[in-house]
Number of protein chains: 2
Amino acid sequence: MAKKQYHHGNLRDSLVASAHGILAAEGVPGLSLRKVAAHAGVSATALYSHFKDKRELLAVLAAQGFEQLTGLMASEAGKRAIRDGAAAPDLAGLALGYVRFATGNKALFQLMFGRETGNPKDYPYLQEASARCYGLMADAVAARLEQSGSADSPAVAATAAWSLVHGLSTLINDGRISAGTCELASNEALVLQACRMLTFAEAAQEPG
Amino acid sequence: MAKKQYHHGNLRDSLVASAHGILAAEGVPGLSLRKVAAHAGVSATALYSHFKDKRELLAVLAAQGFEQLTGLMASEAGKRAIRDGAAAPDLAGLALGYVRFATGNKALFQLMFGRETGNPKDYPYLQEASARCYGLMADAVAARLEQSGSADSPAVAATAAWSLVHGLSTLINDGRISAGTCELASNEALVLQACRMLTFAEAAQEPG
DNA sequence: ATCACAACTTTACAGTGTAAAGATGGGGTC
DNA sequence: GACCCCATCTTTACACTGTAAAGTTGTGAT
């Protein structure tokens, strides 16, 4: 577990962990391969034995981020579902989880949706991780539409829902919108209010 | 107007124009000061007589982008308003203009909302330009709410509308959503459909 | 005619990603 | 147990980045 000499043992995981720490501490622009290598106690180019290039390392970070995001969304929705008797798929919970992750892991979120990581098509695990995340929301939207007998397209509704929470996340992170300008107590309240402005979300707000 | 020798004349505008061209041709990562300088026929550091640093140049580009965006939104909404008799503020037109700009000027749009340009607070003209753009949408949303007698908060509704179109724009640009997955003919159709899922937009869809 | 000063060039430096080639030592084979 | 292969790691080097510092140039004001 401690540092080895020439053959490190599992340098790959070590590098990912170092990168994760540096990313959280110094943001995307501060994440350089030399810093990662130094933090892992290894030479600057040792990385290339385990990753094709920087973008591949970032893709791994991003994929982990998507898994974390998926987990947070699911757990947040689960909590609220239990509290409210699980009458309906908890879209608001998923949205809250999404925004909470984005604002609590700004740099990682930026990386996940930035262009530094290269084309996700080149990294199947990345694409799968983000697909799972999107599926969580798409399924909930589809279930709610069906439940309320809506004729809206599930695909379009899911796209709209995702776009809304994603837009909220990025604009909040960029300091372009905030609870303050809407005279709300917290950004979470803003998210809940904004989600209520989606027709299908509002429709299911009152179970009766 | 042609190239001068030592004292260029208006190197500042020249640099901005060069940067604009390189940005459009090679994207944000391809936009280096040396390329800009070379394209303007000037030494690598001549730039620093007119800009504090790279971020200040990018801020000017971004501000111009916001003005262009504002213009496109207004013109698009105007076109549709005339066509439809201008019964209501054309939210869908503003949204279409927004997404059209984003997808038609990917690199510039990325720059406008990216972090390469530094804190907008340091560049008043940037902040003003983006505020004008946001105001266009906020005003339209407020007018529509009032017209439909809604009790919803105009600030929250405007935030939701902006978030939706912004989310759509970025996710489309990142290749994460597209008309294809929703079985629609074009991304513009997708935008229109998605906007219709906002409660206040739908309410005003039928003027009767 | 001179001078001051803004606009420009040259040079230099620290930092980046990464290609190429050399060093090292652990695992499999005899 | 001796051997060697080869993945793993180090060293060196290169092109590129933004930008600081100091030198040059020419214009407009005195």
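Convention: sequence-line order gives letters A, B, ...; per-chain numbering from 1.
Between B:L47 atom CG and D:dA21 atom C1' the separation is 17 Å, expressed in whole Å. Taking atom NZ of residue B:K54 and atom P of nucleotide C:dT16, one finds them 15 Å apart after rounding to whole Å. Atom C1' of nucleotide D:dC16 and atom CD of B:E26 are separated by 13 Å, given to the nearest angstrom. Atom CG of A:D53 and atom P of C:dA19 are 8 Å apart (whole Å). Protein atom CZ of B:R12 is 12 Å distant from nucleotide atom P of C:dC8, rounded to whole Å. Remark: C1' of D:dC9 and CG of A:L15 are 11 Å apart, rounded to the nearest angstrom. Atom CD in B:E56 sits about 15 Å away from atom P in D:dG18, given to the nearest Å. The distance between atom CG of B:L58 and atom C1' of D:dT17, rounded to the nearest whole Å, is 13 Å.
At least one side-chain heavy atom of B:R115 sits under 4.5 Å from a side-chain heavy atom of A:N173.
A:D139 contributes no side-chain N or O that, together with a main-chain N or O of A:A142, makes up a donor-acceptor pair within less than 3.5 Å. Using modelled atom types, no side-chain atom of B:D152 and backbone atom of B:L145 make a donor-acceptor pair closer than 3.5 Å.
Regarding contacts with the backbone of C:dC8, a side-chain N or O of B:H50 is found under 4.0 angstrom from either OP1 or OP2.
Judged by distance alone with a 3.5 Å cut-off, a donor-acceptor contact links the side chain of B:R34 to the base of D:dG18.
With distances taken from any side-chain atom of B:K35 to the nucleotides D:dT17, D:dG18, D:dT8, the minimum falls on D:dT17. Nearest nucleotide to the side chain of A:S32, out of C:dG17, C:dC8, D:dT19: C:dG17. Considering only side-chain atoms of A:S43, the nucleotide from C:dC8, D:dT10, D:dT19 that sits closest is D:dT10. The listed nucleotides are D:dG18, D:dT10, C:dT18; the one nearest the side chain of A:Y48 is C:dT18. Here C:dA19 is the nucleotide among D:dC9, C:dA19, D:dT19 with the atom lying nearest to any side-chain atom of A:T45.
In this structure, B:Y98 and B:F109 have perpendicular ring planes: the angle between them is above 60°, well past the 30° mark.
Checked against A:H166 for a ring-ring contact (aromatic ring centres under 6.0 Å, His included), the options A:F101, A:F113, A:Y134 give a single hit: A:F113.
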